[in-house]
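FYI, side chains are in, hydrogens and waters are out, and symmetry mates aren't considered; it's all heavy atoms of this structure. Just so we're on the same page: letters track the sequence lines, and every chain starts at 1.
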There are 2 protein chains.
Amino acid sequence: MTKHQAVQADGSPGVVYRGIVDGLYRGRYVPGQRLVEADLTRDFEVGRGSVREALSRLAAEGLVTMNLHRSAVIRQLSRTEVRDLVALLEVLNGFAARLAAERIDEGANRKQIEDTFSVLMDGEVQRDFLRFARARNTFYRTMVAVGANHELARIMPRTNVDLLRVQFRAYQTVDESARIEDYRAIHDAIVEGAGRKAETAAKAHIRRFGDSIEKLPDAAFSG
Amino acid sequence: MTKHQAVQADGSPGVVYRGIVDGLYRGRYVPGQRLVEADLTRDFEVGRGSVREALSRLAAEGLVTMNLHRSAVIRQLSRTEVRDLVALLEVLNGFAARLAAERIDEGANRKQIEDTFSVLMDGEVQRDFLRFARARNTFYRTMVAVGANHELARIMPRTNVDLLRVQFRAYQTVDESARIEDYRAIHDAIVEGAGRKAETAAKAHIRRFGDSIEKLPDAAFSG
DNA sequence: TATGAAATACATGTCGGACGATCTTGGTGA
DNA sequence: TCACCAAGATCGTCCGACATGTATTTCATA
């Protein structure tokens with residue numbers, strides 16, 4: 001009698017994990033919100049153990065913070081944390097872009113980059129926050145995959161870009177067209193195989209993004 | 001009756017976690033070795049839940065790999081993985097060194113750097129593998145702490161430097177004195193407040209380390 | 001003797017319940 | 001008003017059970 005689990009490909013913790021990340025993007029969860037284990041157990045219909053495992057994975061990635069004997073909370077970045085994160089992302093994305101450029105001629109890399117990029121440039125996609133966010137994530141993920149540095153791939157998801165995105169979604173951070181141009185510059189440098197140039201372009205993009213966030217009012221940040 | 005847990009500062013999972021990392025350095029565990037949950041439960045006298053949590057933390061940091069329905073295994077790096085890791089460390093350590101240099105004049109930073117560095121330079125410490133490993137970890141940790149980028153601090157431990165160290169312990173990788181000189185160069189640049197220089201020195205050190213590892217025989221790697 | 005499939009052993013994935021520890025909150029008395 | 005204590009909320013941890021999947025051994029058969 002399998003009244004018990006109908007194991008997903010990734011298992012129960014994965015269900016919870018993805019459910020929360022997805023809920024974040026959909027606005028079901030917002031930064032600062034508490035995540036009580038018992039509630040999640042009920043909502044996702046899994047054991048508390050699985051919930052706890054999902055939470056600790058999220059905590060490891062910095063998406064939630066777990067305070068001892070107090071419920072987990074969706075993390076809300078302070079000004080300093082955002083600055084730190086952006087500085088780190090500048091370095092990492094620069095590295096990723098450089099690697100991708102250096103390996104653009106191997107296997108199906110070029111095609112993959114161009115395919116995901118073309119989705120990103122689709123006018124219809126750009127108009128839908130959710131679809132665009134997904135397309136952008138895919139593009140970045142492809143960039144990392146093409147770079148083929150497994151350790152970087154292991155580390156990247158643990159930089160809470162998702163959090164950044166969600167936290168500042170309400171604010172029109174960068175002027176749309178400028179952002180698109182940034183992506184194009186990165187893409188062009190990569191397919192051109194120009195490592196140095198790709199690195200610079202990626203870094204510049206992140207820096208611009210950081211600058212625009214600096215200008216936001218305090219209300220956009222935590223404590 | 002508290003026959004139950006005598007909660008450590010960090011809790012049962014922490015005990016297991018530290019026990020394993022420590023066991024790694026002490027040679028109790030070696031790369032490739034299987035970690036059976038039941039055994040760990042017995043050895044550390046904690047519940048299986050705690051063991052599992054410790055294992056997933058270790059897996060998140062890349063120290064062990066967990067295959068579905070098969071026991072966890074202490075990770076053994078292949079040549080490619082080592083190359084990838086070294087390349088990433090070069091970027092990250094360079095970043096850390098630069099930040100540290102830029103902030104050397106704030107608070108007690110200078111003193112902290114010099115203190116931990118002097119331990120590293122102690123002749124007696126250098127002769128003891130375990131003590132030296134600890135001193136080096138402390139120095140790097142201090143460097144990151146001084147740099148004061150919280151996100152970097154969050155990411156760094158997740159780069160399995162420990163694994164690198166242990167896996168190649170048997171081989172005399174770099175000539176001792178050269179290595180010491182590298183550290184000195186990094187230190188000097190940092191206390192000098194020369195960000196660029198510190199970054200270059202740190203990167204150069206990692207690259208030299210990587211080069212020396214490239215020369216090792218296949219037996220030192222997995223698959 | 002070689003071989004392939006079934007039976008078995010082993011270990012993990014997940015659930016549910018239980019209980020102590022600790023933080024928060026709200027009420028109570030000086 | 002304020003220190004203090006009781007109650008509630010939640011987490012940290014342990015235990016036992018069973019399903020699920022992998023590895024190994026056994027054994028009938030060619």
Please report, rounded to the nearest Å, how far the [atom2] atom of [N] is from the [atom1] atom of [X].
X: A:Glu53; N: D:dG12; atom1: CD; atom2: P; result: 14 Å
X: B:Met66; N: D:dT22; atom1: CE; atom2: P; result: 15 Å
X: A:His69; N: C:dT24; atom1: NE2; atom2: P; result: 11 Å
X: B:Leu68; N: C:dT12; atom1: CG; atom2: C1'; result: 8 Å
X: A:Asp39; N: D:dT10; atom1: CG; atom2: P; result: 7 Å
X: B:Leu40; N: C:dA11; atom1: CG; atom2: C1'; result: 12 Å
X: A:Leu55; N: D:dT13; atom1: CG; atom2: P; result: 14 Å
X: A:Arg52; N: D:dC14; atom1: CZ; atom2: C1'; result: 12 Å

Could you please name the option among [options] that lies closest to any side-chain atom of [X]?
X: B:Glu37; options: D:dG12, D:dT13, C:dT12; answer: C:dT12
X: B:Arg34; options: D:dG12, C:dA11, D:dT10; answer: C:dA11
X: A:Arg70; options: C:dT12, C:dT24, D:dT13; answer: C:dT24

Any side-chain N or O of [X] less than 4.0 Å from the OP1 or OP2 oxygen of [N]?
X: B:Ser50; N: D:dG12; answer: no
X: A:Ser71; N: D:dA9; answer: no
X: A:Arg48; N: C:dG17; answer: no

query: Counting any heavy atom closer than 4.0 Å, what does B:Leu35 reach on the DNA or RNA strands: base, sugar-phosphate only, or nothing?
result: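 Here B:Leu35 touches the backbone only, sparing every base.
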
- prompt: Got a second to check how far A:Glu61's CD is from B:Arg154's CZ, nearest 0.5 Å?
  reply: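 Reported to 0.5 Å precision, the distance equals 8.5 Å.
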
query: What class does the angle between the rings of B:Tyr183 and B:Phe139 fall in, given that below 30° is parallel, 30 to 60° is tilted and above 60° is perpendicular?
result: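 Correct class here is perpendicular.
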
query: Would a 4.5 Å heavy-atom cut-off, applied to side chains only, mark A:Phe95 and A:Val91 as touching?
result: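 No. Closest side-chain heavy atoms not under 4.5 Å.
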
